[in-house]
Engineer: 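One structure, pasted below without further comment.
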Amino acid sequence: MPQKNYSLWSLLKQGFQRQEGWDQAWRSPEPKASYDVIIVGAGGHGLATAYYLAKEHGIKNIAVIEKGYLGGGNTARNTTIVRSNYLWDEAAMLYEHSLKLWEGLSQEINFNVMFSQRGVFNLGHTLQDMRDIERRVNANLMNDIDAQVLTAAEVKEHIPMIDASPNARYPIMGASYQPRAGVARHDAVAWGFARAASNLGVDIIEQCEVTGMLIEGGRIRGVETSRGTIRADRVGCVASGHSSTLAKMAGIRLPLESHPLQAFVSESLKPVLHTVVMSNAVHGYVSQSDKGELVIGAGIDSYLSYAQRGSPHIIEHTAAAIIELFPMFSRVRMNRQWGGIVDVSPDACPIISKTKIKGLYFNCGWGTGGFKATPGSGNVFAHTIANDHAHPLNEAFALDRFHSGHLIDEHGAAGVAH
Amino acid sequence: MLKFHCPHCNEVREEEEFSYAGEAYIARPAAPDGVSDEEWGDYLFMRKNSKGWHWEQWLHSASCRKVVAVKRHTYTHEIAGCWTLAEGKRIYLEEQA
């Protein structure tokens, strides 16, 4: 019988067997002719959706199809930060739902996603920043989300390496602090959800690109793929940067623009930064991974692009922001840089919604901040697909808000400018 | 790094001098009072977001501050041409026809 659980005992046993007895983490079956539900996109959100569909809604005949390899898109191209300190109730409740799932995730899926609640600081550099921070912290507290306003001296006490001197170009005046926020290992999240979903019978089919949608009489009947036609009466699309191209196949327009978002990591250092630091004004964010690398990110490139790279001057801008905060990082060498394609919506909030095609659902528009939402997004999207109506937490995130005008404008409140 | 030829300055300049100003030639409904919420929302928010050739606007913000129409491939970043808005619109409409 292959190893089904990662436990202290199985780790010990494998230690004596040269680690050669481990089972494949997830199955790689051939696609069947039809499924109850097809999820397009095997990133974190897609795999989480399949997992919760199988676990909470009793749907067993599910396929997740992926044009590349599992977790090779934005899941592999982010800065791993998890937090829920959003301003508007709708967004705060959705991300907090996700944060609560993160807190039990490693246990639940029996896979160490290395979730580390090391806290997140959002720095304020102007009086207006501080007023926004106070407003957001108060809003968080009213939603039962942990948050504190810290002074510059308190920030310096927590993060000794930071330049908190009043002579800095953009002096730090204070910060908001969410202690329960933190980071998680992005690859492990995809692998863990894949393994857990596969164990519940979900077929994960890689190297299978969707080339068309089968629509009959206004409802979805399946998808055409590079590996043949696969039929299903319910299809959930979770394809981040490529959501618009999928929507086009179904004759739907989405309010999205796809932009490159770059990030980079340094060589490994001894521990210097035990938390996550974000700054809206100088516009950068940094944390240190468990391997010791500095993980650094900033904003999107301004223009529409599907090439997974960005412009060099954005890297310069990001590095300048980080060195403004941590002058000591100026001599750290960078190991690698990457660009992912993020689908930005006009109100900087996701779209988790039914569409005018019956049985076709979209989960997209996460912009620059989708990683933190992985379990919560999958959880409410699974509910939406299983019941053909929104979970209370994603009702406000429907497509019709762009016609009704009920936008959830998180641009300023997201903690980082988009 | 993208490089654009500004038809107003008649110079090839780097992307940093320009600001991206979104999809070009989105037609505003001729009679705004007569359109449904759906049509108005579509005009305001829905975008082609093409993977491939894309008509877009760039503002030459650090120089002449005029708007340039650009036809650019969003996957290869190849630039087919840069025009004034009026010249570009003529080519755009010919392509659409």
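A, B, ... follow the sequence lines: proteins, then strands. Residue 1 opens every chain. None of these values were measured; they are calculated from a predicted model.
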Engineer: Taking only residues two or more places apart in sequence, or in another chain, which ones meet R169(A) in a salt bridge (Lys or Arg N to Asp or Glu O under 4.0 Å)?
Structural biologist: none
Engineer: Give the minimum heavy-atom separation between C82(B) and V70(B), together with the two atoms involved.
Structural biologist: SG-CG2, 4.1 Å
Engineer: Should Y285(A) and T79(A) count as side-chain neighbours, where that means a heavy-atom distance under 4.5 Å?
Structural biologist: yes
Engineer: With sequence neighbours left out, what residues match A250(A) under side chain to side chain contact (heavy atoms under 4.5 Å, CB included)?
Structural biologist: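 By the side chain to side chain contact (heavy atoms under 4.5 Å, CB included) rule, A250(A) matches M213(A), I215(A), I252(A), L360(A).
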Engineer: Taking ring-ring contact (aromatic ring centres under 6.0 Å, His included) as the test, write out the residues that go with F371(A), two or more places apart.
Structural biologist: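 F371(A) satisfies ring-ring contact (aromatic ring centres under 6.0 Å, His included) with W102(A) only.
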Engineer: Does a side-chain heavy-atom distance below 4.5 Å link N335(A) with F264(A)?
Structural biologist: no
Engineer: Heavy-atom cut-off 4.5 Å, strictly under: side chain, backbone, both or neither for L256(A) against chain B?
Structural biologist: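 Both backbone and side chain.
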Engineer: Please tabulate, one pair per line, the donor and acceptor atoms of chain B and chain A that lie under 3.5 Å from each other, or say none if there are none.
Structural biologist:
unit_1  : atom_1 : unit_2 : atom_2 : d
H242(A) : NE2    : K51(B) : NZ     : 2.8
S244(A) : OG     : N49(B) : ND2    : 2.6
K248(A) : NZ     : K48(B) : O      : 3.1
R253(A) : NE     : D42(B) : OD1    : 3.4
R253(A) : NE     : D42(B) : OD2    : 3.2
R253(A) : NH2    : D42(B) : OD1    : 3.2
R253(A) : NH2    : M46(B) : O      : 3.2
L254(A) : O      : R47(B) : N      : 3.3
L256(A) : O      : N49(B) : ND2    : 3.4
S258(A) : N      : N49(B) : OD1    : 2.9
S258(A) : OG     : N49(B) : ND2    : 3.0
L304(A) : O      : R72(B) : NH1    : 3.3
L304(A) : O      : R72(B) : NH2    : 2.4
S305(A) : OG     : H77(B) : NE2    : 2.7
Y306(A) : N      : T74(B) : O      : 2.7
Y306(A) : OH     : N49(B) : O      : 2.6
Y306(A) : OH     : N49(B) : ND2    : 3.2
S311(A) : OG     : E15(B) : OE1    : 2.8
S311(A) : OG     : E15(B) : OE2    : 2.8

